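Notes for the one structure printed next.
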Amino acid sequence: MRMSKLFVQTLRENPADAEVISHKLLVRAGYIRKLANGIYNYLPLMWRVLKKIENIVREEMDRAGAQELLMPFVQPSELWKESGRWDVYGKELMRMKDRHEREMCLGPTHEEVITAIAREGIRSYKQLPVNLYQIQSKFRDEIRPRFGLLRGREFIMKDAYSFDVDEKGLDKSYEIMAEAYKKIFERCGLETKMVQSDSGAIGGSVSHEFMVLVNENSETNAGENDVFYCPKCGYSANSNHAVSKLNPVNTDGGFEKAEIKDTPKCGSITELAEYLKVPSCVICKCLIYVIDGKYVAALIRGDRTVEETKLMNAFNGNEIRIAGNDEIEEIMTNSGYSAVAGFIGPKGLKGIEIIADETVVPLKNFVIGINETDKHLTGANWGKDVDLPSKICDIRLVEENDLCPQCSEKLKVTKGIEVGNIFKLGMKYSKSMNAVFSDKDGQEKPFIMGCYGIGISRTAAAAVERHHDEHGIIWPQSIAPYLVTIVPVSDQDEQQMKIAEEIYQKLLEAKVEVLIDDRSERAGVKLKDADLIGIPYRITVGKTIKDNLVEFKTRSTGEIEFITPEQAAEKIKKIIL
RNA sequence: CGGGAUGUAGCGCAGCUUGGUAGCGCACCGUGUUCGGGUCGCGGGGGUCGCAAGUUCGAAUCUUGUCAUCCCGACCA
């Protein structure tokens with residue numbers, strides 16, 4: 001391709017609305033352009049990158065025995081009502097009506113449609129297992145789109161769905177996909193970590209995410225997920241799912257008897273601990289949450305934080321938020337108290353479920369709220385002064401240096417970009433949508449399903465996030481829009497232009513994806529653009545052509561060598577083999 | 001949805017306090033110059049100042065409303 005004809009516009013300055021590096025660079029280098037909030041045009045260079053990623057995904061999915069198909073982007077509400085998700089998916093599902101007032105939605109994911117396909121097309125166990133996938137634009141009306149392609153509303157995704165006879169089959173399908181994913185990301189030049197995760201709105205039991213780990217010290221944190229991992233045994237999990245063993249701490253408050261003490265203005269754990277001169281780990285914290293419209297009181301040790309996803313899952317909820325002051329007031333009134341947040345305790349709460357984190361169980365002679373403002377009960381003990389709730393779960397956020405649940409090594413934390421995930425769905429959809437097959441014994445059984453996603457556009461952005469320098473993008477070779485760019489330094493110099501053109505033709509013949517910067521620009525402009533756009537190899541034809549030498553530069557290493565035009569062409573040909 | 005900020009040419013911004021009919025840099029067009037890291041000069045095109053209403057002889061500027069965008073929190077590939 002000739003740069004003079006290529007549809008690309010590079011910018012000198014970063015776009016004002018870009019926050020993360022991948023967004024800035026992709027806009028500056030002319031790969032994407034915003035059309036609306038969270039909605040982007042993929043310009044020719046970007047489209048080439050996306051197609052590269054898609055093809056890697058296709059090859060590995062096909063190799064894993066999956067079959068590609070394409071489902072509609074617009075879906076009827078009926079299917080979503082069958083699965084029950086029409087009411088629980090929330091505003092993220094883009095709903096609309098057609099001219100006949102029929103309710104439709106834009107596909108955020110395709111479990112419903114694929115299940116409908118399976119129930120019509122698969123009648124016998126003999127047809128199983130089967131894995132179907134598609135690569136397509138998805139639409140999720142995100143609350144807050146941001147970070148360019150990393151969190152758009154419209155994005156390209158590969159979604160695959162497996163159907164099996166039984167759990168054992170699903171385990172196998174799941175394993176095959178996990179292996180395929182590892183290969184896919186490896187081929188895309190991305191190091192990923194497969195971590196345990198919460199299964200969220202899609203439902204199901206077991207789930208893993210593929211995370212591209214990003215540096216904590218990068219200027220912005222494009223990694224939106226905290227990943228906890230064990231350097232020793234390899235345990236790793238998203239913070240919304242991670243569990244840990246606790247470092248031993250003193251859980252005895254040391255108070256000699258149960259006594260109500262004045263604790264003026266001690267509404268926070270820090271203030272309370274300081275005032276009573278006790279460590280925060282002997283205080284029992286009580287937080288009020290609203291889960292699917294119902295109030296829940298959560299007890300947790302004072303030095304720990306509630307992980308809201310875990311708490312929500314403990315109640316099989318879909319939506320969780322912390323209660324507001326007016327809601328707390330309502331609970332207090334109903335229970336005959338009048339305390340404000342910070343002085344709430346489980347004792348005497350009416351019409352509200354109470355759950356305790358495991359961390360509060362061993363507490364002795366501890367401190368706890370008693371629903372009286374500016375007072376706390378000290379020296380409390382379970383059973384004697386306060387009842388221990390019957391519902392005891394792990395609802396805490398893991399912290400760095402907690403102990404690994406598998407091997408007790410200290411856990412570490414890092415930021416990650418989720419580029420793929422795999423779920424064991426089980427019968428969630430096949431049951432609700434009555435998708436069944438006849439098993440060996442002639443009995444009808446629901447399919448055992450799995451689903452597997454890869455964010456194609458997000459993977460591209462993650463690659464930029466991971467591979468760039470102060471000059472621009474450094475594409476991994478496998479997903480670069482072009483492999484090599486030829487830059488004649490001066491378009492005034494006939495010999496330079498002639499040699500550049502010769503190399504270009506030679507590489508074209510060898511089916512190399514090659515650019516030639518034939519624009520009538522100064523050297524600086526062309527070289528800056530080559531770096532910004534991030535082509536892996538650059539052949540610069542300059543003054544040294546008088547000695548029959550060109551400069552061969554590798555973008556990723558910065559390595560430069562002077563070789564003959566023939567050698568340069570041969571070198572590129574070798575690279576593609 | 002809550003908290004904060006911003007909307008002026010394709011992009012980045014100034015002008016607004018103190019109303020007088022819009023400007024700079026990049027990009028674009030013409031021309032000359034320069035030619036291995038975003039040359040320099042001359043000339044040029046492009047904007048209903050987000051939108052609407054109001055105040056005023058007169059509004060980018062003041063008032064009200066509205067829409068959009070960005071950042072911080074609750075969602076997820």
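Letters go in sequence order (proteins before strands), and every chain restarts at 1. Side chains are part of it too, since the values below use all heavy atoms of this structure and drop only hydrogens, waters and symmetry mates. Quick caveat: nothing in here was measured; it's all calculated off a predicted structure.
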When you compare B/rC24 with B/rU8, how far apart are their C1' atoms, in angstrom units rounded to a whole number?
-> 12 Å
Closest non-hydrogen atom pair, A/Ile486 against A/Ala500 | CG2-CB, 3.9 Å
Counting any heavy atom closer than 4.0 Å, what does A/Lys138 reach on the DNA or RNA strands: base, sugar-phosphate only, or nothing?
-> nothing
Consider the side chain of A/Asp17, meaning its heavy atoms from C-beta on, and name the nucleotide among B/rG38, B/rC70, B/rC76 that approaches it most closely.
-> B/rC70
N/O (side chain, A/Asn225) to phosphate O (OP1/OP2, B/rC76) under 4.0 Å | no
Which whole number of Å gives the distance between the C1' atom of B/rU34 and that of B/rG45?
-> 25 Å
Across the strands shown, which category fits A/Arg321 at heavy-atom distances under 4.0 angstrom: base, sugar-phosphate, nothing?
-> nothing
When the P atoms of B/rU48 and B/rU31 are considered, how many whole Å apart are they?
-> 29 Å
Taking side chain as C-beta onward, heavy atoms only, is A/Tyr537 less than 4.5 Å from A/Phe552?
-> yes
So, do A/Gln496 and A/Val489 sit near enough that their side-chain heavy atoms are less than 4.5 Å apart?
-> yes
Under 3.5 Å on both distances, the Watson-Crick or G-U partner of B/rA60 = none
Closest to the A/Ala16 side chain, choosing from B/rC13, B/rA77, B/rG25 | B/rC13
Euclidean distance for P, B/rA52 against B/rU61 (whole angstrom) = 12 Å
Can you check whether any acceptor in the base of B/rG12 is under 3.5 Å from a donor in the side chain of A/Asn14, or vice versa?
-> no
On the 0 to 90° scale, with breaks at 30° and 60°, tag the A/Tyr181-A/Tyr452 ring pair as parallel, tilted or perpendicular.
-> perpendicular
Please report, rounded to the nearest Å, how far the P atom of B/rG38 is from the CD atom of A/Glu521.
-> 12 Å
Does A/Arg522 place a side-chain N or O at less than 4.0 Å from the phosphate oxygens OP1/OP2 of B/rU39?
-> yes
Distance below 4.0 Å between A/Lys34 side-chain N/O and B/rC70 OP1 or OP2 | yes
Complement of B/rU6, any strand, by Watson-Crick or G-U distances under 3.5 angstrom | B/rA68
Honestly, is A/Arg95 close enough over A/Trp80, meaning NZ or CZ under 6.0 Å from the six-membered ring centre and within 45° of the axis?
-> no
Which nucleotide, B/rG38, B/rG37, B/rA27, lies nearest any side-chain atom of A/Arg538?
-> B/rG37
Take atom CG of A/Leu93 and atom P of B/rC76, then tell me their distance rounded to the nearest Å.
-> 13 Å
Quick one: label A/Asp529 by what it contacts on the DNA or RNA (base, sugar-phosphate, nothing), any heavy atom closer than 4.0 Å.
-> base
Counterpart base for B/rG32, defined by Watson-Crick or G-U wobble contacts under 3.5 Å | B/rC40
Presence of salt bridge, A/Glu60 and A/Arg187, under 4.0 angstrom | yes
No-H, no-angle donor-acceptor pair, A/Arg519 side chain to B/rG38 base, under 3.5 Å = no
Which part of the nucleic acid does A/Arg153 contact within heavy-atom distance under 4.0 Å: base, sugar-phosphate only, or nothing?
-> nothing
Taking atom P in both B/rG65 and B/rG4, compute the distance separating them and give it to the nearest angstrom.
-> 15 Å
G-U wobble or Watson-Crick pairing nucleotide for B/rA77 (cut-off 3.5 Å, both distances) | none
Sort out for me which residue in A/Glu59, A/Lys52, A/Arg58 forms a side-chain hydrogen bond (donor to acceptor under 3.5 Å, both in side chains) with A/Asn55.
-> A/Arg58
Could you give the distance separating B/rA27 and B/rA74 at their P atoms, to the nearest angstrom?
-> 42 Å
Look at the side chain of A/Ile143 and decide which nucleotide, out of B/rA74, B/rG36, B/rA77, has an atom nearest to it.
-> B/rA74
Is there a side-chain polar atom (N or O) of A/Arg12 under 4.0 Å from OP1 or OP2 of B/rA27?
-> yes
Does A/Glu551 make a side-chain donor-acceptor contact with the base of B/rG36, cut-off 3.5 Å?
-> yes
Between B/rG30 and B/rG20, how far apart are the C1' atoms? Round to whole Å, please.
-> 35 Å
Ranking B/rG36, B/rG37, B/rA77 by distance to the side chain of A/Arg140, first place goes to B/rA77
Would you mind reading off the distance between A/Ile53 atom CD1 and B/rA77 atom P, rounded to a whole angstrom?
-> 18 Å
From the list B/rU69, B/rC71, B/rU39, which nucleotide is the closest neighbour of the side chain of A/Val525?
-> B/rU39
If you take atom types as modelled and just measure distance, does the side chain of A/Glu418 reach the base of B/rC76 with a donor-acceptor pair under 3.5 Å?
-> no
Is a donor-acceptor pair below 3.5 Å formed from side chain A/Arg144 to base B/rG3, judging by atom type as modelled?
-> no
A/His241 NE2 to B/rC75 P, straight-line distance once rounded to whole Å | 17 Å
May I ask you to verify whether the side chain of A/Arg151 and the base of B/rC76 hold a donor-acceptor pair under 3.5 Å?
-> yes
Any donor-acceptor pair under 3.5 Å linking the side chain of A/His468 with the backbone of A/Leu532?
-> no
Which listed nucleotide (B/rA77, B/rC35, B/rG25) is nearest to the side chain of A/Ser490?
-> B/rC35
Does B/rG73 have OP1 or OP2 sitting under 4.0 Å from an N or O in the side chain of A/Arg146?
-> yes
Could you measure between the two P atoms, the one in B/rA68 and the one in B/rU21, and give it in whole Å?
-> 33 Å
